[in-house]
Amino acid sequence: MRVGNDRPTTPVPARGLAGYWRDYPRFLWRMLVLATDGSLAFYAWMTALTAVFLVGANAWANQVADGMIRTHMTDHVSWGLYIANFTFMVGLAAGGVMMVIPAYLYHDRRMHDIVIIGELLAIAAIVMCLLLVTVDLGRPDRFWHLLPFIGRFNFPISMLTWDVIVLNGYLLINLHICGYLLYTRYLGRRPSARWYVPVVMLSIVWAISIHTVTAFLYSGLGGRPLWNSALLAPRFLASAFVSGPVFIIATLLVLRRVGSTLPIHDSAIRTLVRIVRVTILINLLMLASEVFTELYAGGSHTASARYLFFGLDGHGALVPWFWTGVGLNVAAAVLFLIPRVAESAGSLVVACAMAFAGVWIEKGMGLIVPGFIPSTLHEIVEYQPSLTEWRVTAGIWAFGLMLFTISIKVAAPVLSGRLGASGQA
Amino acid sequence: MLIAAGALAVGAGVVPSVLRQPRTGAAILPGAADARLASDAAASPRRGAVVDLPGLEHANLRIACATCHDTREPNPLNAAAADLYLFHQGLVVRHGALTCLSCHNPSDYGTLRLAGGASVAFEASATLCAQCHAPQAADYERGLHGGMTGYWDTSRGERLRKSCIDCHDPHAPAMPAMRPTFKPIDRFLPPREEHR
Amino acid sequence: MSEQRRIELPVLGGVSRRTALKGVGAALGVTAFAVAVSPLRRVAGELTADEYFQKHYKELDEREKEAVLARLQEAAREEAGRNDITVSDDPPIPGVKFAYAINLSVCNGNGACVEACHRENNHDRDTNQSYIRVLELPRGSLGLDGADSTYTHEVPAPDKFYMPVQCFQCDNPPCVKVCPVEATWKEDDGIVVVDYDWCIGCRYCEAACPYHARRFNWKAPRVPAEEVNPDQGYLSNRIRPAGVMEKCHFCLHRTRRGRLPACLEACPTGARIFGNLLDPDSEIRAVLRHKRVFVLKEDLGTEPSFFYFFDR
């Protein structure tokens, strides 16, 4: 593979500051060239994503100009599609760790070869998280108020400041890991364990923390009984360890299909499938115990749960939505338990998609919206996202997918040794 | 029987009297009341019935209660407007088992009468009310009953307190039913049909 | 990708066709993005540097605060075309902690307080915004199940009672705890305030409040010039910007000058009692002494400065 207008270069010179200043911009430039080169299908895919992204950007700009009245959120349901997707995305980012653990703690070599996909997924997902929070702000122009030391950062009292720290920290950690690995491989060097393995270990703990903190964001609110549950953080982790691995399995299958140069071995996929078989059942068990606890005792604290499960006082917009999610989760769990399903790429992708959609519903709108219904004064105002909200959210998804596509596209030839500073392999 | 002062809106001159209560919170009810209410006398409405009798040249004529009652023998059993004639037609009395003379003073229709027989000025009607409505009167004295406007900190400004009859029609003291006129317009909260 | 054909362009001599096409694509993309976000220009122009870099309320020194108040006052006057508008900032009165009580035996749900709040506090006219919601509740329970504030029938309805709810100025306010930028805090007189010029509009406080006491400005409030209440306070009823939180502040622009709150003055039933909790002779202390009071959702530990009681 030849890339762009690259000329063959001499082998990597001895490392020095001067060498770094020369090599690193060149590295960035070659990555940029690489990122924008591809087949017709690649261009079509990226053009489509760009179009969706632009629609989203336009919708957001109008929302900023006209006010949040463009959304269908109200003083009753004051968080909606944005925060629902944010919550789900934090899980997706944390879910990537399910590749890191086998690769680094269990020294699974096959997994180690492609572990970077989990880390790149984390980067794209965290960027999406940050965007989803930004579009939910009434005054995004005042973001600087949130900067430590410059604004007034209500740390450690506000869980939201914890979330700012863990999300940005997780982003930096993964940028460092991916950047370091890619750059050293590009230079044709062996990555020095000293420089990244401790950070990888940190990232495992950190991945747990991002979703725990995000769960505490909700479970710390005493006035919202649906969220005010000690099980929320474990549930978030269990569902994250479903959505992350299934997304990665599907990605691996797609990459194989499009002929990626990454060494995607069956055993890596099998490991992920085994993980999902367990986590998806744990997630369902936790959901079931929430449902039981809410319904058996009864009382007004369970009104939100009853609204979600069965509807309340004739209001039941979320009921079909919720049971669709449960159905998808259950069906996916059954599919994952059937050995034959995992053997064929087609059926495995279907099972992954069902699990992914199931978690998206359960942890997204299926969790955030009913937290507000009925309101704290027990009035019922329902919520359905506006067109603006759908557009903005779709735009962010498109942006995240662009980021993910490009980063894999760049990483694959470098990691497989086909592209390096010393020329093309 | 006459149509008396206060909130009974028979005539044009009926204006709610307002008690000015200094911060000291001294009792405005039995006893101390008269002195403070004296200052209000000038502003208080003239009593009597404003009448617009057919054929009478001077419409809106104000006639003092004593004009008739000085020459008539009071009937202590009268308890409803239907028992009366002339000026009292249409008067709604819905006040427990009270009769007219439970409150009105038959020996001087320019005043009211306490249960013990002592007469009391119309301006001090609260004293009369307190005979039966002791819990409300006690709350009123503590500032826990009855509306007010002005200053919570009376060292900074005046507080105007409403009297019993500003809110309660003495002849039918129950608060009238009201209709809320101002409602939040919540998006997506469908206006409910009229409630049960 | 082995082709390395070069095309000669007058300016970009020696650039491959693919690179040139990429350049065109990038330029198109950037242009499209610029067009897509162009609505932002509608608001970007309205914001001055002074406004944008204004410090947090608590960090303003006296001189800076005066400048901010003067600027806000000037803007408010210009907006409404009225010269009688003042924007002040009354500090808490030492030795005063405000508290409120409502007599639920007397309240009949007429909602005059809701409207008084609406007018006093320059609320958005389009949404009938107000800091108060009056709940109609079925008799027989103090739970909020079946609460409704949209009733329009004659009140009081049989078998119902009424409970006005507004900010309880909690001593342990969940809203203050969760704010990531300290845009909301509890003042020395117990009032929980919002710096409308610091709030970023994340609405975490709105999710945290167990009493639905907080409101978000989903759009810029619209108040006809002739209806604007000219007596305005920085932390209270000045007309709020779009995209920030607001809440009941016990009419601090009135109460910090010794006056009663607007909702109390408007109440035709005399159900509302307001005063200084630290003054043993105050009406509010008399309520606590002589009545059996309760607070809403006491189990949450929010410690409201707002009490309910029944006479009978």
Side-chain angles (χ1 to χ4, degrees), chain A residues 1-5 33 36-37 50 53-55 57-58 60-62 64-69 71 73-76 78-79 133 136-143 145-146 151-154 157-161 163-164 217-218 220-224 300 303 313 371-372 374-379, chain C residues 1-2 4 16 18-19 22 25 29 32-33 35-40 42-43 47 52 56 133 135 143-149 165 174 177-183 198-204 206-212 214-220 241-245 297 300-302:
Chain A
M1 180 163 108
R2 284 177 61 92
V3 174
N5 53 0
V33 170
T36 51
D37 259 340
T50 306
F53 168 70
L54 287 174
V55 168
N58 178 254
W60 175 71
N62 276 309
V64 171
D66 297 347
M68 300 293 278
I69 193 87
T71 74
M73 289 183 273
T74 57
D75 281 331
H76 293 85
S78 51
W79 282 338
V133 171
D136 190 62
L137 292 182
R139 296 303 298 242
D141 54 313
R142 295 182 182 167
F143 76 95
H145 297 178
L146 198 54
R152 277 178 82 99
F153 199 56
N154 189 12
I157 306 296
S158 170
M159 286 316 294
L160 204 51
T161 57
D163 221 22
V164 169
L217 211 68
Y218 306 108
L221 305 182
R224 306 273 174 196
S300 63
D313 289 350
F372 294 100
S375 81
T376 47
L377 298 182
H378 291 235
E379 293 179 275
Chain C
M1 279 187 266
S2 56
Q4 279 267 331
S16 77
R18 187 176 275 265
T19 308
K22 279 186 192 177
F33 182 73
V35 172
V37 298
S38 61
L40 290 178
R42 291 214 301 272
V43 276
L47 204 61
Y52 188 73
H56 187 277
R133 277 181 100 82
L135 301 180
L144 296 177
D145 278 345
D148 173 34
S149 62
V165 181
K177 223 183 331 189
V178 300
C179 178
V181 295
E182 297 178 19
W198 193 259
C199 172
I200 58 173
C202 71
R203 305 188 299 290
Y204 196 10
E206 194 165 29
C209 174
Y211 306 114
H212 192 80
R214 292 191 158 247
R215 306 282 187 274
F216 185 69
N217 284 280
W218 299 98
K219 66 181 189 62
V244 305
M245 293 306 306
K297 302 191 187 182
L300 296 180
T302 49

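So that the names make sense, note that chain A is the first sequence line, chain B the second, and so on, each numbered from 1.
For C:Arg133 (side chain) and A:Leu377 (main-chain N/O), no donor-acceptor pair under 3.5 Å exists by modelled atom type. With hydrogens and angles disregarded, no donor-acceptor distance shorter than 3.5 Å links the side chain of A:Trp60 to the backbone of C:Val37.
Heavy-atom pairs under 4.5 Å with chain A peak, among C:Ser38, C:Cys202, C:Ala207, at C:Ala207. Contact count against chain A (heavy-atom pairs under 4.5 Å) is highest for C:Ile200 among C:Val178, C:Val43, C:Ile200, C:Leu40. Ranked by heavy-atom pairs shorter than 4.5 Å toward chain A, the options C:Ala208, C:Gly29, C:Ala32, C:Ala36 are led by C:Ala36. Counting heavy-atom pairs under 4.5 Å between each of A:Gly223, A:Ser78, A:Pro374 and chain C puts A:Ser78 at the top. When each of A:Val64, A:Asp141, A:Thr161 is checked for heavy-atom pairs under 4.5 Å with chain C, A:Asp141 comes out on top. Highest contact tally toward chain C, considering only A:Gly371, A:Ala303, A:Gly220, A:Gly222, is held by A:Gly222 [criterion: heavy-atom pairs under 4.5 Å]. Counting heavy-atom pairs under 4.5 Å between each of A:Ala61, A:Gly67, A:Gly151 and chain C puts A:Ala61 at the top. Between chain A and the residues C:Ala183, C:Gly301, C:Cys179, the most heavy-atom pairs under 4.5 angstrom are made by C:Cys179.
Comment: A:Asp75 does not engage C:Arg214 in a salt bridge, judged by the lack of any side-chain N to carboxylate O separation of less than 4.0 angstrom.
Aromatic ring centres of A:His145 and C:His56: separated by at least 6.0 Å.
Residue C:Arg42 touches chain A through its side chain alone, counting heavy-atom pairs closer than 4.5 Å. Residue contact with chain C, scored on non-hydrogen atoms closer than 4.5 Å, is absent for A:Thr50. Both the backbone and the side chain of A:Leu160 come within contact range of chain C, with heavy atoms under 4.5 Å apart.
Counting heavy atoms from C-beta on, the side chains of A:Arg142 and C:Val181 never come closer than 4.5 Å.
With no hydrogens or angles considered, a side-chain donor-acceptor pair links C:Ser16 and C:Thr19 at under 3.5 Å.
Shown here is C:Lys297, whose NZ atom has more than 12 heavy atoms of other residues, nucleotides or ligands within 6.0 Å.
For the pair A:Asp66 and C:Lys219, the tightest heavy-atom approach, listed with the atom from each and the gap, is O-CB, 4.3 Å.
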